[in-house]
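We name chains A, B, ... by the order of the sequence lines, and we start the count at 1 in each one.
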Amino acid sequence: MTSTLRPPPPAPPRAPAEAARPAPRSPRRRRSWRQALRRDWQLYSLAIVPLLFFLIFRYLPMIGNIIAFRRFKPGGSIFGEYWVGLRYFRMFFNDPTFWEVFTNTLVLGTLTLLFCFPLPIVLALLLNEVRARRFKRFVQSVSYLPHFLSIVIVAAMVMQLTSIGGAANQLVQLFGGDPVAFLQQPGWFRTIYVSSEVWQTVGWGTILYLAALTTIDQDLYEAARIDGASRLRQTWHVTLPGIRPTMMTLLILNIGSFMAVGFEKILLLYNPLTYPTADVISTYLFRMGFQSSNFSYAAAIGLFEAVIGLILVLTANLISRRTVGTSLW
Amino acid sequence: MTLGTKSEAPKTRGPVDSRGYRIFRVVNTIVLIGVVIVTLFPFLNIVARSLSEEAYIIAGKVTIVPRGFDLTAYKLLMSDAMFWTNYRNTVVYTVVATLISIVLTTCYAYVLSKPQLKGRGFLVGVALFTMFFSGGLIPNYVLVTSLGMKNTIWAVVIPNAISVFNLLVMKAFFESLPTELEEAAAVDGLNTYGILLRIVLPLSKAIIATMVLFYAVSFWNSWFTAFLYMDQQDLLPVTVYLRNLIAGATSAESAAADADKVQAAATLQAVTIVLTTLPILAVYPFVQRYFVSGVMLGAVKG
C-alpha cells in the first residue's frame, strides 16, 4: 500500500567501512520519509484507492501496449503470445488505407483547430461588448446548451437535419436545388463534421475567455484611450494580450487532442460511402480491432497515434514556454 | 432586442461612443441573435418533427412548426419495454458511477491539496500524465475484458471513475480553503478523516455539487463504453438504444414493424431524441451557473 509512495527500495546494506561515515544525504531522506509516513499516514491512506485506479486503468493499459509488439490471440494473455518486433508497425506503414486515414486525421484535425479554437475567442469578445446584462446572459445560456448533449444525440440531430426531408435540404430546395443526400457524399463530410463540432463547442469554449476578460485591469483601457487608441486598437493592444495566457493554454490543449479527432462522432456519422474523407486513424483502428479482430495491429496503430499526440503536446508546450512564457506545467 | 436603447447608459467605457462603435454594436447584436437562432434551430426542428406526421417530414415540409400533429410515435416509444429498460439502466449507471467518482475524486483531490505533503508532486504527476498519454482503445479493452467486467455495470462505471480535469478543479478548490480551520480542528483532536468529513466537506458543498453535475452529465451522455462492453440489449443505456435506432437496427424499429406502423421511422428517431434529451434540458436552467463557476474554478490553474 504505502510502499508505492516510497522512493526506490531501501538502500542495500553498505560496506562496514562506509557505514562508519554514512553518506550525508540518503539516510536523512529516508528518515524524513518515515516521518512523513508516520505523521501523514491517514492522508496517504486516502490516496490508495485512487492510486490503484490510476495504476490499473491508466498505467496498466499503457504497459498493455506491448501487445503491439507481440502476437495476440483473442482470449489469450493480455500481453500477447510471442514477440514479433516491429512487424505490425511495418504493416501499417505499408498499408495504403493507413495513409488515407492518416491524411484524413490531419485534415479534420487541422480544420477543427482552425475553427474550434478561434471562434470561442471571437464570440467571447463580441459578448464582452454587450452591455445589456440580460441579453448577454441569455446568449451565453443558449450557446452553452449543446455542450450538454450526448454525442449520440448530436449525431442523431445531424442525421435528421441533413436527411432528404431535413432542414438543410429545405434550404437547398428554397434556392432551387435538388435534395442532396449529404451524409452519403464524401464531399460533404468535412463540412458537416466541423460545423456540428462548432455548434456543440463554441459557447462552452467562451467561458474561460469571459472569465479571463473580467480580470483585465480597466485602467489599461483608460490609459489606452488617453493615448488616443480607438476601440479596435484597444482590443488589439489591451484585450488580446490580456487573455493571451488563456489562449495559449487552450491552444496547447487543443493541439494535444489534434490526433484524437472526434472519434465517437465520426463512428456514429460515417458509413462506407464517406470513408474517403471521414475515416480517421481511430475509426480505422476500431474496425481493425473489433471487426477484423486484429488486436495487435490495432494496438500498434493506437500506440503510434498516442505517441504523436504526446509529442505534439510537449512540442507545443515547449514552444509556448519559450515564446510567450505560458506553459501547462 | 430592447438592448439598443437600454444599454445607452455608459458606465465603464468612457462618455462618448464614436459613430463607428455604435454601428458595431448594432451589428454585434444582430450577430449574437444569429448565434442564438442557429443554436436553437436544431432543437426546435427536432421537437417539430417529433410531433409531425411522417408524410410531412418525408416531403420536407417540417421546419419548426409541427405539421399534421401526431402523437403516434410517442405512444409507440412509450410502449416499447426495451426503451424503458434502457432508460432505467442509464439512470442506474449514472447514479452509481457518479457516487464512486465523487468519493475517489474527493479523496485524491484532498490529498493533493496538502502542499506540505511529501511525495505530493509524484501523486500529481501520476494523474497529470494520463491527460497526455493513454493506453489506447485496444489495451483498455483487453484489460476490461480480462478482468471479467464485460456485460456488467462495472465496465461502464470503474474505468472512467476519475476525470483528471475534475480532479484538478477540486484540488484548486480545496487549496483555496483557509487552513486555520483544519489546524484548529487538529488541535482539538480530530484526525485526518474527521477533518475531511466534519470540516472540509461541509465547506465544500458548492464544489461537490459542481462535481456531481459534471460527472452525472458525462455518465448520462456516455455511450461508447456500454456499446463496446455490453452485448445484451437489456443492459444497454438509452444512448446506445438511440445509437442503434439511428444505425437502423433496433427494437423500436422492429416494434414499429410489428405494430404495422412502419412509416414512423423518422418521427420515431425524433421522439427518441426528444425523450433522451429531456432530462438534461429540464435540469439545465437550474444547474447551468454551477457548471460555469466550476469551469472557472478549474481555470484558476491546477
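Aromatic rings of F53(A) and Y108(B) (six-membered ring for Trp) have centroids beyond the 6.0 Å cut-off, not under it. Note: Y141(B) and F295(A) meet the aromatic proximity criterion, with ring centroids under 6.0 Å apart.
Only the side chain of L253(A) comes within less than 4.5 Å of a heavy atom of chain B; its backbone N, CA, C and O stay farther away. Q160(A) touches chain B through backbone and side chain together, each having a heavy atom under 4.5 Å away. Within the 4.5 angstrom heavy-atom criterion, atoms from both the backbone and the side chain of M157(A) approach chain B. Only the side chain of V313(A) comes within less than 4.5 Å of a heavy atom of chain B; its backbone N, CA, C and O stay farther away. No part of L312(A) comes within reach of chain B, as not one of its non-hydrogen atoms sits under 4.5 angstrom from that chain. Heavy-atom distances place the side chain of F54(A), and not its backbone, under 4.5 Å from chain B. Using a 4.5 Å cut-off between heavy atoms, N169(A) does not touch chain B at all. For a residue to count as touching a neighbouring chain, one of its non-hydrogen atoms must lie under 4.5 Å from one of that chain's; by this rule I64(B) does not touch chain A. Both the backbone and the side chain of V36(B) come within contact range of chain A, with heavy atoms under 4.5 Å apart. The parts of I207(A) that come within reach of chain B are both its backbone and its side chain, each placing non-hydrogen atoms under 4.5 angstrom from that chain. Residue contact with chain A, scored on non-hydrogen atoms closer than 4.5 Å, involves the side chain of N45(B) exclusively. Proximity to chain B is limited to the side chain of S163(A), based on heavy atoms less than 4.5 angstrom apart. Contact annotation for V202(A): neither backbone nor side-chain heavy atoms come within less than 4.5 Å of a heavy atom of chain B.
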For side chain to side chain contact (heavy atoms under 4.5 Å, CB included), just list the numbers for F286(A) and L228(B), CA-CA rounded to whole Å, side-chain angles, deciding distance to a tenth of an Å, and then say yes or no.
CA-CA 10 Å; F286(A) 174 80; L228(B) 201 57; 4.0 Å; yes
For the pair W154(B) and F57(A), evaluate ring-ring contact (aromatic ring centres under 6.0 Å, His included) and give the outcome as yes or no after the intermediate values.
CA-CA 12 Å; W154(B) 309 118; F57(A) 291 101; over 10 Å; no
Show your working on side chain to side chain contact (heavy atoms under 4.5 Å, CB included) between L123(B) and L51(A) and close with a plain yes or no.
CA-CA 8 Å; L123(B) 295 179; L51(A) 259 184; 3.7 Å; yes
Evaluate the side chain to side chain contact (heavy atoms under 4.5 Å, CB included) criterion for residues F129(B) and M62(A): first the C-alpha distance (whole Å), next the side-chain angles of each, then the deciding distance (0.1 Å), finally the verdict.
CA-CA 11 Å; F129(B) 184 66; M62(A) 285 183 204; 3.8 Å; yes
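Taking CZ from F133(B) and CG from L303(A), the interatomic distance works out to 5.5 Å, rounded to the nearest 0.5 Å.
A side chain to side chain contact (heavy atoms under 4.5 Å, CB included) with V152(A) holds for exactly one of T272(B), T239(B), N221(B); it is T239(B).
Judged by distance alone, with hydrogens and angles left aside, the side-chain atoms of R243(B) form no donor-acceptor pair with the main-chain N or O of I153(A) at under 3.5 Å. Checking side-chain atoms of Y284(B) against main-chain N and O of S141(A) turns up a donor-acceptor pair under 3.5 Å.
Using a 4.5 Å heavy-atom threshold, the side chains of L43(A) and Y110(B) count as touching. The closest side-chain heavy-atom distance from P146(A) to T39(B) is below 4.5 Å.
Between F43(B) and W199(A), the two ring planes are tilted [angle within 30° to 60°].
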